[in-house]
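Reading through the structure tokens given below for one structure.
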2 protein chains.
Amino acid sequence: LKHRQLMTEEISDLIISHEKVAHVQLQNPLDHALLILIKSGYTAIPVLDKDYRVQGQISKNEILDSILGLERLEMERLHDITVESVMNKRIPRLKTDATFAKALTTSINHPFICIENEEAAFVGILTRSSILALIHHYLQQ
Amino acid sequence: LKHRQLMTEEISDLIISHEKVAHVQLQNPLDHALLILIKSGYTAIPVLDKDYRVQGQISKNEILDSILGLERLEMERLHDITVESVMNKRIPRLKTDATFAKALTTSINHPFICIENEEAAFVGILTRSSILALIHHYLQQ
Ligand SMILES: Nc1ncnc2c1ncn2[C@@H]1O[C@@H]2COP(=O)(O)O[C@H]3[C@@H](O)[C@H](n4cnc5c(N)ncnc54)O[C@@H]3COP(=O)(O)O[C@H]2[C@H]1O
Ligand SMILES: Nc1ncnc2c1ncn2[C@@H]1O[C@@H]2COP(=O)(O)O[C@H]3[C@@H](O)[C@H](n4cnc5c(N)ncnc54)O[C@@H]3COP(=O)(O)O[C@H]2[C@H]1O
């Protein structure tokens with residue numbers, strides 16, 4: 001019975017709200033995105049459009065990989081490339097009423113999951129650490 | 001009963017063996033470590049000493065943060081700084097006979113955990129994705 005309780009639990013309590021989520025915009029240049037990633041310390045962050053909808057995510061690795069030349073990192077190119085041209089567009093999204101079971105399955109291969117509302121507006125993210133913490137709490141009992 | 005079965009399970013089946021784990025050495029310069037991190041795509045990797053013992057872990061963020069000047073990333077300094085001087089030394093380690101319960105608790109705040117044998121030699125790593133996959137398999141039944 002307790003299994004069913006956990007797996008059907010709603011995820012809304014676990015969501016990190018969008019105001020607390022570091023993000024960048026599609027048209028931002030890569031030097032801006034790299035600075036946000038270094039300052040925040042995050043590996044990857046969501047990319048939003050002007051209507052506050054999630055369009056992808058960007059990581060330090062995608063940025064550095066895009067300027068890795070034969071001999072060195074061509075840092076001078078960072079200002080001329082947009083986030084949109086190197087970001088990862090194939091990212092998981094869940095609705096706010098998704099079950100914990102769905103979030104667990106998705107988190108196996110994704111460190112965080114973007115959460116949207118019914119109108120596809122960005123609500124926040126769900127992270128592996130919060131999923132693991134809830135499982136730990138549940139299995140402890 | 002099944003709870004107890006999962007929590008007391010040994011972690012040995014979940015370990016990614018050391019031959020498959022990207023790593024660097026203490027005395028490597030940062031430009032070498034950054035290249036390994038970009039080529040492998042990993043966020044952070046273990047740092048080993050000459051006796052194949054884990055001494056810490058290094059990430060793209062620690063490397064870039066260490067050369068972030070007021071105006072730009074001072075890439076020319078990368079060759080003169082060693083991994084040892086910027087790596088994170090406070091990392092979790094578990095022994096090969098640790099229980100799943102201990103691995104779950106540790107993984108809440110650490111994306112991967114270094115595993116050592118009785119003589120403190122590096123055996124491999126345990127990742128959040130493998131912990132989440134086992135939990136998912138267990139809760140599905
Ligand atoms: N400032 C901090 N304070 C405390 N612990 C920190 C931390 N930064 C990182 N960590 C720890 O390191 C893990 C990996 O972070 P990473 O940045 O690679 O990967 C992160 C990052 O890419 C993204 N993320 C998390 N919080 C975010 C936020 N507020 N804004 C944007 N992205 C976020 O979700 C991924 C998974 O996060 P998760 O919490 O599961 O897992 C985090 C967390 O356990
Ligand atoms: N080449 C690849 N193929 C398939 N999926 C990939 C992948 N690279 C990354 N991922 C996915 O992205 C997650 C985060 O990877 P990240 O590099 O930030 O964080 C990684 C990385 O820092 C480290 N790691 C994993 N495998 C490693 C290896 N063979 N050597 C060195 N470090 C490794 O452990 C962290 C957690 O790994 P985890 O598997 O839980 O979680 C991985 C995995 O779900």
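Convention: sequence-line order gives letters A, B, ...; per-chain numbering from 1.
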*Within 6.0 angstrom of B:Lys95 NZ, more than 12 heavy atoms from elsewhere*: yes
*Measure distances from A:Leu68 to the heavy atoms of chain B and classify the residue's part below 4.5 Å as side chain, backbone, both or neither.*
side chain
*Between B:Leu34, B:Thr43, B:Leu35, which has the largest tally of heavy atom pairs under 4.5 Å with chain A?*
B:Thr43
*For side chain to side chain contact (heavy atoms under 4.5 Å, CB included), just list the numbers for A:Met75 and B:Arg72, CA-CA rounded to whole Å, side-chain angles, deciding distance to a tenth of an Å, and then say yes or no.*
CA-CA 9 Å; A:Met75 308 298 288; B:Arg72 62 185 187 86; over 6 Å; no
*Where on A:Leu37 is there a heavy atom nearer than 4.5 Å to chain B: the side chain, the backbone, both, or neither?*
backbone
*Give the intermediate values and the outcome of side chain to side chain contact (heavy atoms under 4.5 Å, CB included) for residues B:Leu73 and A:Ile38.*
CA-CA 11 Å; B:Leu73 283 166; A:Ile38 296 173; 4.0 Å; yes
*Measure the CD1-CD1 distance between A:Ile108 and B:Ile131 for me, rounded to the nearest 0.5 Å.*
12.0 Å
*Look at the side-chain heavy atoms of Ile, Leu, Val, Met, Phe, Trp and Tyr, link any pair under 4.5 Å apart, and say whether A:Ile11 and A:Ile113 land in one connected group.*
yes
*Path from B:Ile15 to B:Leu94 over hydrophobic side-chain contacts below 4.5 Å*: yes
*Could you state the interatomic distance from CG (A:Leu132) to CZ (B:Arg128), rounded to the nearest 0.5 Å?*
6.0 Å
*Among B:Ser59, B:Ser129, B:Ala101, which residue forms the greatest number of heavy-atom pairs with chain A at distances under 4.5 Å?*
B:Ser129
_Path from B:Leu64 to A:Ile58 over hydrophobic side-chain contacts below 4.5 Å_ = yes
*Crowding at CD, A:Glu19 (>12 non-hydrogen neighbours, <6.0 Å)*: yes
*Look at the side-chain heavy atoms of Ile, Leu, Val, Met, Phe, Trp and Tyr, link any pair under 4.5 Å apart, and say whether A:Ile63 and B:Leu30 land in one connected group.*
yes
*A:Val47, A:Ile36: one ILVMFWY side-chain cluster at the under-4.5 Å cut-off?*
yes
*Specify which of B:Ala44, B:Ser130, B:Ser107 makes the most heavy-atom pairs with chain A at under 4.5 Å.*
B:Ser107
*Look up atom CZ in A:Phe100 and atom CG in B:Leu139, then write down how far apart they are to the nearest 0.5 Å.*
7.5 Å
_Let me confirm one number: the CG-CD distance from A:Leu104 to B:Gln140, rounded to the nearest 0.5 Å._
8.0 Å
_Just verifying a value: how many Å separate A:Lys60 NZ and B:Asn61 CG, rounded to the nearest 0.5 Å?_
3.5 Å
_Need one label for B:Asn109: side chain, backbone, both or neither, based on atoms under 4.5 Å from any heavy atom in chain A._
neither
